[in-house]
Structure formats: C-alpha cells, structure tokens
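Just below is one structure, and these are the notes that go with it.
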Amino acid sequence: MEKMSRVTTALGGNVLTGRTMHCHLDAPANAISVCRDAAQVVVAGRSIFKVYAIEEDQFVEKLNLRVGRKPSLNLSCADVVWHQMDENLLATAATNGVVVTWNLGRPSRNKQDQLFTEHKRTVNKVCFHPTEAHMLLSGSQDGFMKCFDLRRKDSVSTFSGQSESVRDVQFSIRDYFTFASTFENGNVQLWDIRRPDRCERMFTAHNGPVFCCDWHPEDRCGAGGRWVDGGWLATGGRDKMVKVWDVTTPRAREVHCVQTIASVARVKWRPECRHHLATCSMMVDHNIYVWDVRRPFVPAAMFEEHRDVTTGIAWRHPHDPSFLLSGSKDSTLCQHLFRDASQPVERANPEGLCYGLFGDLAFAAKESLVAAESGRKPYAGDRRHPIFFKRKLDPAEPFAGLASSALSVFETEASGSSISWFVDTAQRYALAGRPLAELCDHNAKVARELGRNQVAQTWTMLRIIYCSPGLVPSANLNHSVGKGSSCGLPLMNSFNLKEMAPGLGSETWLDRSKGDARSDTVLLDSSATLITNEDNEETEGSDVPADYLLGDVEGDEEELYLLDPDHTHPEEPEYVLPQEAFPLRHEIVDTPPGAEHLQDKADSPHVSGNEADAASLAPVDSSFSLVSVSHALYDSRLPPDFFSALVRDMLHFYAEQGDVQMAVSVLIALGERVRKDIDEQAQEHWYTSYIDLLQRFRLWNVSNEVVKLSTSRAISCLNQASTSLHVNCSHCKRPMSGRGWVCGRCHRCASMCAVCHHVVKGLFVWCQGCSHGGHLQHIMKWLEGSSHCPAGCGHLCEYS
Amino acid sequence: MRLATAANEAYTTSLAVSELLGCKQCGGARNQDEELGIRIPRPLGHGPSRFIPEKEILQVGSEDAQMHALFADSFAALGRLDNITLVMVFHPQYLESFLKTQHYLLQMDGPLPLHYRHYIGIMAAARHQCSYLVNLHVNDFLHVGGDPKWLNGLENAPQKLQNLGELNKVLAHRPWLITKEHIEGLLKAEEHSWSLAELVHAVVLLTHYHSLASFTFGCGISPEIHCDGGHTFRPPSVSNYCICDITNGNHNVDEMQVNSAGNVSVSDSFFEVEALMEKMKQLQECRDEEVASQEEKASRFEIEKRESMCVFSSDDEEVTPARDVSRHFEDTSYGYKDFSRHGMHVPTFRVQDYCWEDHGYSLVNRLYPDVGQLIDEKFHIAYNLTYNTMAMHKDVDTSMLRRAIWNYIHCMFGIRYDDYDYGEINQLLDRSFKVYIKTVVCTPEKVTKRMYDSFWRQFKHSEKVHVNLLLIEARMQAELLYALRAITRYMT
C-alpha cells in the first residue's frame with residue numbers, strides 16, 4: 001500500500017488509466033517497445049512495424065512504418081527499441097544484420113533515418129543509452145557488439161565477445177559507461193564503453209544460451225540490508241532459469257534464482273517493486289509471469305491472454321507497476337493490468353498433508369479453515385490427539401494471507417508396533433520364482449504367523465482356486481498335523497506315500513494309476529517300501545500283493561477321512577476340508593485297500609518317518625502331476641475362471657480396506673490369471689500406493705522387486721527412468737563421460753583397487769574415512785587380515 | 001590386436017581385425033586355417049570405404065591415445081567397430097560426440113523400447129535403400145529380442161510402427177510437407193497412438209538414420225564382414241596371392257583410372273583450389289562494398305532454391321535395391337526426384353522464426369531430456385569443426401566455405417537465413433560439388449565413386465569426409481526443424 005501511494009506521487013497526479021485489453025495485429029510480433037510518454041507502443045516483427053497509441057480502452061494504430069512497394073529484409077525486425085529521451089527516435093535490428101534508425105519527426109512517409117550495415121549476421125538486440133541521446137548499441141549473431149554514434153555514418157567502436165552470438169545487450173541504468181552483454185555459450189560480459197579491447201568482467205551465468213538480461217531499475221538495492229549502487233542484473237536462459245546477479249562484488253554473485261517451466265526469452269524488472277520481475281518464454285509456454293525473486297517457486301502473478309508464445313514484454317511506464325504490455329506470435333498486442341492478473345497462489349493448494357513413517361498424519365491448512373473445522377472436533381474421539389501449531393508471520397512474506405497457516409499433527413496410538421506387520425509381511429512374502437501353490441502356502445504361513453488370519457485364509461483359498469485342488473489338502477494337513485493332531489498322522493502317511501511314489505517309480509505308473517486300480521495299489525505299496533525293506537522287494541516283484549490288499553478296509557478308510565475334518569475344524573475353515581476330502585475319497589473308492597495296508601504299518605516306523613516327511617512335503621513338485629492327474633474330473637467341473645469375479649471383488653475389498661499390500665501381492669502372485677479382470681487403472685493405482693508405502697518404510701529392495709514384477713507398463717517404466725549416475729574423475733574433478741572408469745581428460749583410471757591395483761569396473765567399496773577402496777571381495781578379504789587401510793595410508797578403515 | 005585384449009571379446013574383434021588387416025601388404029596375416037577345413041569369411045571390399053583407398057584410412061593399432069579411447073568406447077558400446085566409425089575417425093572430435101549421441105539414442109534411457117529403436121532405424125535406412133545400415137540393425141534388432149516376423153515388412157510390424165511409415169517417408173524426402181495433421185494423426189490413434197515423448201524419440205531416430213544413410217553412401221562405406229555382401233568364402237586368389245601383391249598395392253582399378261585422369265588435369269585441379277581461395281578472399285574483402293540491392297539479394301535465395309532442384313547428375317544409373325531391404329518400402333517412387341520434376345513449390349522456412357538453438361532444442365530437451373543437449377553439441381562440433389587447412393594450404397579461414405555448404409543444404413530444403421547472401425554459394429561451390437551434395441543429401445543411393453572423385457580433386461580424403469559430416473548434420477537439422485515445428489504447432 002505504501003508503494004502504491006508512492007507511485008501516484010511519482011507520476012505527479014498524472015495517473016495512467018486503462019484496462020486489460022488487446023488488439024489484433026496483422027502478423028506475429030517479435031518485439032515491442034514503449035515510448036517514454038507511456039502513450040504509444042511500437043510493435044515490430046518479420047512483416048509488421050507499427051506504432052499504436054494506447055488509449056483508455058483500446059489500441060489505435062497511429063503509424064505504419066513499413067512502407068514501400070516491395071518491403072526489403074531491412075524491415076524484417078528482430079528487435080525494436082524506443083529512445084527513452086527522444087520521443088521521435090526509434091531503432092530496429094533486422095534479421096539480415098542491418099541496424100536501422102527511424103525518425104518519427106520526418107515529414108515524409110518514409111521515416112527511415114539511418115542504415116548501418118556493419119554486422120555480418122542477424123542483429124539480435126539494439127539498445128539506446130538511457131541518458132545519452134546519440135548512443136546506440138547493437139549485438140549480433142556474428143559475436144560482435146557495435147556502438148554507434150547517430151551523428152556519424154558508421155560505428156564508433158566494436159566489441160568482440162570472442163564467442164559466437166550475442167543474444168542481448170543492455171546499458172546499465174546507473175553507471176554511465178557500463179553495459180552488459182549475454183552470449184549463446186552461457187556467458188555474461190560486462191563492458192566499459194570506453195574500452196573496446198576487452199571486457200571488464202565475464203562470468204558464466206547459465207548452462208546454454210543466455211537469451212536476455214535486464215538491469216535493476218532502482219539505484220539502490222541489495223540483499224541483507226546492505227544497499228549498494230546499481231547492483232543487480234537479471235538474466236534468463238535456455239536452461240529455464242532466471243538468475244539475479246549482484247555484480248558490485250568483485251565476483252559476480254548469484255543472489256536469487258527462479259526456476260521457470262520453459263526457456264526464458266525476456267525478463268523485465270517491475271517498476272517500483274524491488275523484487276518483482278516479469279518473464280516470458282521462448283517455447284511451449286505462452287503465459288507471462290511476474291515473479292517475486294524471493295519466492296522462486298510460485299509466480300506472484302500470471303497473465304494468460306496469449307495463445308502463442310509471447311515475444312515481447314514492456315512495462316508501460318517506468319514508475320507504474322500496474323500496466324504491462326506484451327506482443328505475441330499469435331498476432332496480438334495486449335495491455336495487462338496487474339489487478340486483473342491471475343494469481344497462482346490463490347489457486348495453489350495451500351493445504352499440505354503428509355503421513356509420517358508410523359502412521360502419524362500431519363496436516364497444514366489456512367488458519368481460517370482449520371478454525372472452522374476444529375469447531376467440530378472430528379478427530380477428538382478417535383484415540384488420536386490433534387496438536388496445533390501456529391506459525392509466526394514473516395514480515396517479508398508477500399502472501400500474508402496464506403502465510404498464516406496452522407499445522408495439525410495426528411498421532412496414532414502405539415503406532416510403531418501396530419504397523420510392524422506391514423514391514424514384516426513385505427519382507428517375507430514371496431511373490432514370484434516358485435509355483436503358485438508354494439507362493440500361496442508361504443504367504444499364508446507368513447500371514448498366520450503375524451496373526452492375520454483372514455489374510456492367511458485368503459491365500460489358502462487362492463491356492464485352492466488356482467492350483468490343482470488335490471494338493472491343497474496336503475498342505476493344509478501339513479499345517480494341521482504339524483500342530484500335533486495325532487489323528488492326522490495316518491493321513492499324513494497316505495500322502496507321503498503318494499509323493500514318494502514318483503521318486504521311486506516311473507511315469508508309466510502315473511499313467512496307469514489313472515484308471516487302473518491295481519496300479520494304485522502298487523503305488524501305495526511301493527512307497528511303503530520306504531519304511532520296510534521286505535516290502536520293497538515285494539513291490540518290485542509283482543502286482544500280486546495288490547490283490548490281497550484289496551480287502552475289506554473300505555469302511556475303515558472312510559472313517560479315517562471323516563474323522564479328520566472334525567479334528568482340524570478349530571483351525572481350518574470348513575471349506576478347505578470338504579475339498580480335501582472329496583478328492584481323497586475318489587481315490588479311496590478306486591483303491592480302497594491302500595489305507596489298511598497303511599494302518600498296519602503306521603504303528604511304529606511312521607512316528608519317525610513322519611517328521612522327516614513333514615519337512616519335505618511342500619516342495620515336492622512332482623507330486624503335483626500325480627495328484628492332478630487323478631483329479632482331472634474335479635478340475636473340469638469348476639475352472640479357476642469361475643472364481644475370477646470373486647477374486648476381483650476380494651482384491652478390491654482389500655484395497656478399499658487400505659491393505660494395498662495384499663491386493664498387490666495377490667496381483668503379482670496370480671499374474672496373468674487375474675490381471676485381465678481388473679481395471680488397468682486400479683492396478684496402477686494399487687501399485688503406486690504400495691510402492692509409495694514401501695519407500696516410506698525404506699524397503700527399497702522390496703519396492704524394486706514389486707516394480708520389477710509389475711505387469712503394468714506405467715509402473716515397470718518407473719525403474720527405467722533416470723537410471724544413470726554421473727561421476728566425476730577423482731583426479732581432475734571433471735565429469736567422466738563415456739565409460740565410467742577412465743577419465744577422458746586426464747586419461748587416468750579413476751577407481752583403482754587398493755588391493756590388486758586394477759581398475760574397478762563393478763562394485764566399488766571404499767572407506768569414508770580415507771577414501772581408499774577397491775573391489776568388494778578384495779577389501780573384504782583384506783579386512784579379514786588387517787584393519788588398516790590396504791593403500792598404506794595408515795587409516796583404520798571402517799566399513800559398515 | 002591390442003584392442004582385442006583391451007575390449008575382452010576375442011571373437012568379434014578378431015573378425016574385425018582380420019577384416020581390417022586383410023592381407024600382408026595392406027596390413028595383416030593370410031589365413032592359415034585353410035587346412036582345417038573351416039570356412040573363413042573373407043572381406044570382399046578393400047577397407048571400410050569403397051571410395052577411399054585403404055591406406056589412407058587409419059589402421060587399427062596405429063591410433064593415438066584419444067582415438068584408442070574412442071575405439072574402445074565404441075567397441076564397448078556396440079560390440080563391434082563398424083566401418084562408419086573407422087571412416088569417421090578422420091575427425092575424432094566429431095566421432096566422439098556422434099558415438100555418444102548414437103549410444104544414448106539406442107541404448108540409454110528413453111521412451112521407446114529397444115527393439116522399437118532399432119526397427120525405426122531400419123525403417124529410416126530402408127527409405128534410402130541403405131542395406132549397410134539395415135543389415136547392421138537387423139542384427140541388433142534380433143539381438144535385443146525383436147520379433148523376426150516384423151522384418152518381413154512394415155505391414156507385419158505393430159500398427160503403431162506402421163503409422164510412423166508416412167512420417168518416415170515425408171521426412172526423408174520432402175520434410176517441408178510435414179504438417180501438424182501428420183503429428184495429430186500419430187498422437188491420436190486410439191490404442192496405437194504415440195506419446196509426445198515417444199514421437200520425439202522416433203523423430204530424432206528417423207532423422208539420425210536418414211542422414212547416416214547419406215553418410216554411408218556419401219563415403220561409400222563397405223558392408224561389414226558379417227553382413228550380406230561383405231564377405232566371400234572363396235579362397236582369396238588362385239595362388240595365395242593377394243591382389244595387392246600383383247598391383248603393388250595399387251589394386252583398385254577404378255582408383256588407377258581416376259588417378260591417371262587426375263594426373264592429366266593436375267594443373268587444372270590445382271587451380272581449382274587456388275581459384276576457390278581467391279574467391280573466398282574476394283568475398284571477404286569486398287563484402288562491404290558490395291551493394292546488391294535488397295530485391296536482388298532476396299531473389300538470390302529463390303534462384304538458388306530453384307536451381308538446387310535442377311542440379312542433378314546426368315547419369316541416372318539405377319542402384320538396384322538390395323533384396324531384403326525393399327520389403328520395408330511401401331512406396332519407392334516417393335522420392336525427392338519426381339518432386340523436383342514436377343517443379344512443385346517449396347515454401348520458405350525462415351530460420352529467424354524457428355531455429356534449432358532457440359526453439360528446437362527446448363522442445364527436444366523438454367520431451368526427451370538430455371538428447372537436445374547431445375544433438376546440440378553434435379551440430380556445434382560439425383559446424384565449427386576446422387583445421388584451418390584447405391588441400392595443401394594451411395591457416396585458411398574456412399568458415400565462409402563451411403557456412404556456404406551448410407546453407408546450401410538448408411536452401412535445398414527451403415530453409416532460409418535472412419542474414420546470408422546466397423550469391424556466395426554460387427561463387428564458392430562449383431557444379432560438380434553441388435551435384436555431389438545434392439545427391440548425397442537427397443538421393444544418397446545414387447552416389448557413385450565418380451561423383452565422389454570428381455569434386456574437389458585436390459582435396460584430401462579427410463576433407464571430403466569432413467564435407468560429408470557437414471552434409472549429414474545439416475540434413476538432420478533441416479529435417480528436425482520441420483518435424484519439430486510441426487510438433488510445436490500441434491502443441492499450440
């Protein structure tokens with residue numbers, strides 16, 4: 001407010017008026033410049049060169065300087081500038097390298113005054129001296145800057161930047177003799193106009209071309225309360241940065257840096273606002289931004305009128321901060337009023353929300369919002385304790401309204417322990433690399449051990465659905481039996497036998513077992529050989545024993561199996577057991593006698609055999625084929641596809657519950673079987689959430705595994721982006737290009753192993769104390785024998 | 001052989017080296033493995049280039065440290081030392097940048113999957129019937145797990161790549177016809193659509209391989225030994241003689257003819273260089289006095305542009321496209337030539353309104369990070385490369401000549417520099433040179449050894465390779481400018 005009042009006094013009551021408006025030009029503009037009376041603007045481009053009068057609510061074309069039947073290239077302007085002392089004097093830079101001056105006071109239609117054809121290449125910029133009437137400076141693509149005295153026919157002095165392409169030249173506003181020039185190679189040079197032989201100072205400002213620069217208009221400015229004369233220079237470059245340099249110090253010092261979203265084509269300090277500057281970009285982005293250099297992330301104001309890139313900006317009056325003029329490639333000339341500017345801060349989301357590692361929730365918002373919310377106290381009863389902070393206001397903060405925010409933190413009680421299952425689960429789950437059945441078993445086991453019974457059941461169910469059902473019981477039995485049910489013992493055995501069979505017998509046995517009852521008995525028999533040697537011989541010998549085995553045992557067998565479900569009931573849900581029972585019974589019907597045989601033998605030797613078998617149960621792969629063959633009937637009745645809808649709902653359910661871990665793990669484990677049934681986006685969403693969680697817990701390995709296993713393209717490409725690591729040479733400190741182990745500049749190998757003195761091309765491990773190191777294995781070996789550095793520097797190396 | 005041990009991959013290297021050191025006279029060992037009954041492939045060509053005598057080209061093993069590092073890099077990246085590298089090593093500074101860029105485009109982070117990149121390379125090279133590059137990339141394509149079926153023709157590739165065919169065609173022959181509708185068609189094709197980043201990657205690859213095809217033909221690169229047409233299993237000669245034993249090392253018959261022809265006109269060609277230098281000097285001096293009217297200057301560009309359309313070699317010998325290459329074409333008739341025949345109008349593209357440094361770079365770097373930087377460096381090195389020599393003269397400022405060549409190529413594509421006087425081109429580039437440039441840039445498959453030999457007769461081979469570098473970079477930039485301008489227009 002204080003500033004505003006100062007403006008009116010500066011303008012001496014002659015306050016500018018106007019509104020946001022635009023007018024259509026006939027052709028794209030390349031540059032604009034304002035007359036010092038703030039009432040006229042000149043627009044120049046490849047095929048336009050006109051003066052417009054700025055009236056209350058419109059632009060009025062006043063003069064067309066592009067005259068002549070066949071316009072020459074001299075009129076194709078790259079830049080235009082209006083003298084700030086003389087209302088009649090203009091200069092343009094032509095794309096063909098000619099500098100033209102124009103005198104509006106000439107009576108004829110052609111206002112062209114003088115022609116300087118000294119530059120060999122396109123002239124990028126022209127600039128009048130701020131106080132001297134006849135001094136004009138130009139900067140060209142050919143790398144030269146020329147100073148012209150308008151009273152003479154040719155240049156007074158030529159400055160060579162010793163480099164390609166001058167992109168901008170600007171006279172210092174306060175220092176009579178100084179001007180700045182910017183170059184395509186990223187350098188900025190400061191020159192004394194009296195010394196054309198060499199520049200006063202040079203520094204590298206940007207990476208890539210520096211497109212523009214602007215001296216700060218105020219005579220006294222500086223940082224940290226230190227006020228100095230004529231100090232600040234703003235530069236903008238192709239590297240999307242605007243930098244503010246304090247050039248009063250012996251070494252140019254970067255005071256501020258604003259990161260924009262596109263290369264910066266023009267930069268202009270805002271009058272009367274010490275820290276504001278306007279920028280527009282060369283490509284892609286069409287808006288004009290006004291930045292407060294102290295707040296480099298969010299522009300203070302934004303003008304969005306243009307539909308194509310803005311090529312020229314100018315503040316209408318050197319002491320009025322509210323009017324900005326702009327020309328654009330979309331062939332419009334605009335006047336922007338600062339009060340009509342859109343303010344991104346208003347649209348910006350002033351709330352911040354973040355989860356802590358252990359489930360704490362921090363939440364910052366505008367004070368007003370929080371005050372209203374806290375009236376309702378929604379979180380009070382929820383075992384959580386909101387804590388409120390209030391930030392102290394910073395007087396320098398320009399966005400005072402937003403600065404007053406409140407931060408709330410919600411803590412979950414005993415959160416540390418309650419969340420530990422997540423970490424455990426993440427680390428212990430197996431997601432790939434084994435058959436699905438084993439994955440499910442493993443994961444179910446993990447879940448059960450962590451006390452998450454529902455999840456464990458889910459895994460078990462998945463296994464039943466997607467794997468050959470015959471195997472399910474064995475696993476379940478394994479669990480139940482393992483917990484010490486004595487009655488399950490015989491059952492165990494019956495399975496053990498089967499699983500052993502393939503090991504002993506051949507495939508033909510399996511084939512036969514399909515329809516042939518006898519073969520099955522053989523099978524059982526043969527497995528029994530494990531237990532007793534005599535039987536072994538029998539089996540090998542003939543099928544005869546099978547006959548006597550086909551005895552009256554049928555009833556017994558059934559009893560046995562019926563018994564089992566009852567017994568395991570408390571631990572296993574019903575749906576598992578019936579399934580396990582059915583297939584078994586099928587088999588029993590086929591080959592009833594086996595069981596009796598078993599029971600007979602089960603008495604003594606099985607106690608010991610059982611333990612060993614229990615361990616070997618799950619991983620025996622071959623048992624798969626055997627069992628599934630005998631249960632082909634069952635499979636055909638209920639294909640896994642039948643359940644896919646159910647599984648999908650289940651996954652959604654878990655995701656809804658917030659357990660994306662389960663959803664993602666199942667998704668990965670099941671892979672193709674279920675992926676097609678689930679919405680691509682939902683999958684992606686789960687993946688990202690899960691990966692995010694994993695990374696918060698610093699489970700990098702797990703998260704990478706998940707990324708790797710994910711089938712969603714958007715996810716798997718996460719690990720493909722920015723995978724390169726740049727290193728510098730340890731000798732000359734230059735970045736190493738090309739190969740990582742040999743420096744292209746000093747031709748030395750950068751990372752030598754201190755033990756074997758060879759180049760390390762793979763894993764390099766080094767001591768952070770003395771920075772010597774080498775091959776991982778070599779260092780490990782060395783440290784077994786000695787704790788001193790292998791390089792002989794005497795350091796007691798420490799490796800973690 | 002040092003290379004082989006250094007790079008640790010004996011098999012391929014020994015192949016490469018034996019290829020390089022074909023026989024004693026020209027370098028290496030005769031094959032003694034004959035008795036073992038192993039069929040050993042023998043290089044057909046003599047050295048990496050058909051145009052440049054082998055002895056002019058650097059021998060592996062005699063390189064200096066910098067070149068050695070370059071070779072090692074190249075070998076490590078590709079697992080081979082191809083003939084292009086061996087010819088380009090005349091200009092190690094450029095080669096380094098070239099290899100870095102190519103490596104990044106093909107093997108580093110990027111939006112396109114690896115096999116797509118090679119396939120696009122094949123598509124682009126096939127437009128110019130460049131069997132050398134096609135063969136090279138067919139191998140690479142299969143190596144990175146590409147589907148061999150795709151190689152039976154573009155129609156077997158995914159729809160997405162098929163869509164790119166049109167852009168490839170236009171870009172290769174008439175880039176000025178690219179409109180934002182082309183871009184839109186690619187970006188909005190339902191499930192086959194390209195993303196902007198992918199498209200930029202594809203465009204960079206296409207332009208890279210179009211211009212590389214120009215280089216391959218322009219320097220007469222010989223096929224690699226492991227590719228079709230690069231080797232023979234026949235015994236070297238009847239009685240264990242290498243051809244060069246008989247001809248005293250001067251085994252290239254064409255070469256001899258040309259040399260004898262050259263001897264006759266040696267004074268002529270000597271004056272050629274002198275005259276060129278004289279002209280450059282004149283232009284340098286009288287630049288200020290020269291007061292060509294604006295209209296005249298303006299019309300010069302148009303004249304040059306029109307003329308560049310007509311410059312064509314009279315001998316229209318058709319190069320029969322290699323069998324396996326042609327399948328990648330749909331429309332062989334679509335070329336630069338029939339275009340000029342119809343005398344269509346090339347619209348003028350003004351560099352001052354859309355140039356690589358300001359606009360193209362920003363766009364590429366935005367959509368395909370780091371590549372803009374790499375290509376920018378490559379352009380800079382190619383444009384600014386000079387040893388300040390011309391034929392036998394030293395300390396010559398060749399910037400004017402280089403700029404004339406660069407701008408002449410852009411002129412053929414309708415790209416105009418406001419600040420350039422196109423009259424200079426006529427003064428500096430004679431007709432045979434123009435024919436060569438035009439052929440290399442527009443219809444590289446028609447380049448003949450005669451064309452290569454007939455321009456700049458007194459100049460060194462390294463200088464001719466230098467010219468080729470300028471040609472390919474200027475061509476690449478021209479194509480990129482048109483493609484990127486269309487993308488920019490699409491985005492706004």
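Each chain gets a letter, A, B and so on, in the order the sequences are listed, and its residues count up from 1.
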For this session: Could you pull out the closest heavy-atom pair between Asp419(B) and Thr95(A), with the gap in Å?
Result: CB-O, 3.3 Å

Seminar exercise, completed: Separation between CE (Met491(B)) and CG (Asp308(A)), nearest 0.5 Å, reads 11.5 Å

For this session: Would you mind telling me which of Arg307(A), Glu184(A), Lys240(A) has the largest number of heavy-atom pairs within less than 4.5 Å of chain B?
Result: Glu184(A)

Exercise. Roughly how far, to the nearest 0.5 Å, is CG of Asp421(B) from CG of Asn96(A)?
Worked result: 10.5 Å

Exercise. Can you tell which of Asn384(B), Leu363(B), Thr488(B), Asp358(B) has the highest number of heavy-atom pairs within less than 4.5 Å of chain A?
Worked result: Asp358(B)

Seminar exercise, completed: Whatever's closer than 4.5 Å to a heavy atom in chain B on Arg46(A) counts as side chain

Problem set entry | Side chain, backbone, both or neither of His286(A) within contact of chain B (heavy atoms, under 4.5 Å) | side chain

Problem set entry | Proximity breakdown for Ala265(A) and chain B, heavy-atom pairs closer than 4.5 Å | neither

Problem set entry | Interface residue of largest heavy-atom contact number with chain B, from Met282(A), Gln141(A), Arg121(A), under 4.5 Å | Arg121(A)

For this session: Please report the closest heavy-atom contact between Met283(A) and Tyr354(B), naming both atoms and the distance.
Result: CE-OH, 3.9 Å

Problem set entry | Arg238(A)/Asp376(B) salt bridge by N-O under 4.0 Å criterion | yes

Problem set entry | side chain to side chain donor-acceptor pair (under 3.5 Å) evaluation trace for Thr122(A) with Gln352(B) | CA-CA 8 Å; Thr122(A) 298; Gln352(B) 268 75 11; 2.4 Å; yes

Exercise. In terms of heavy-atom proximity below 4.5 Å to chain A, should Asn365(B) be classed as side chain, backbone, both, or neither?
Worked result: neither

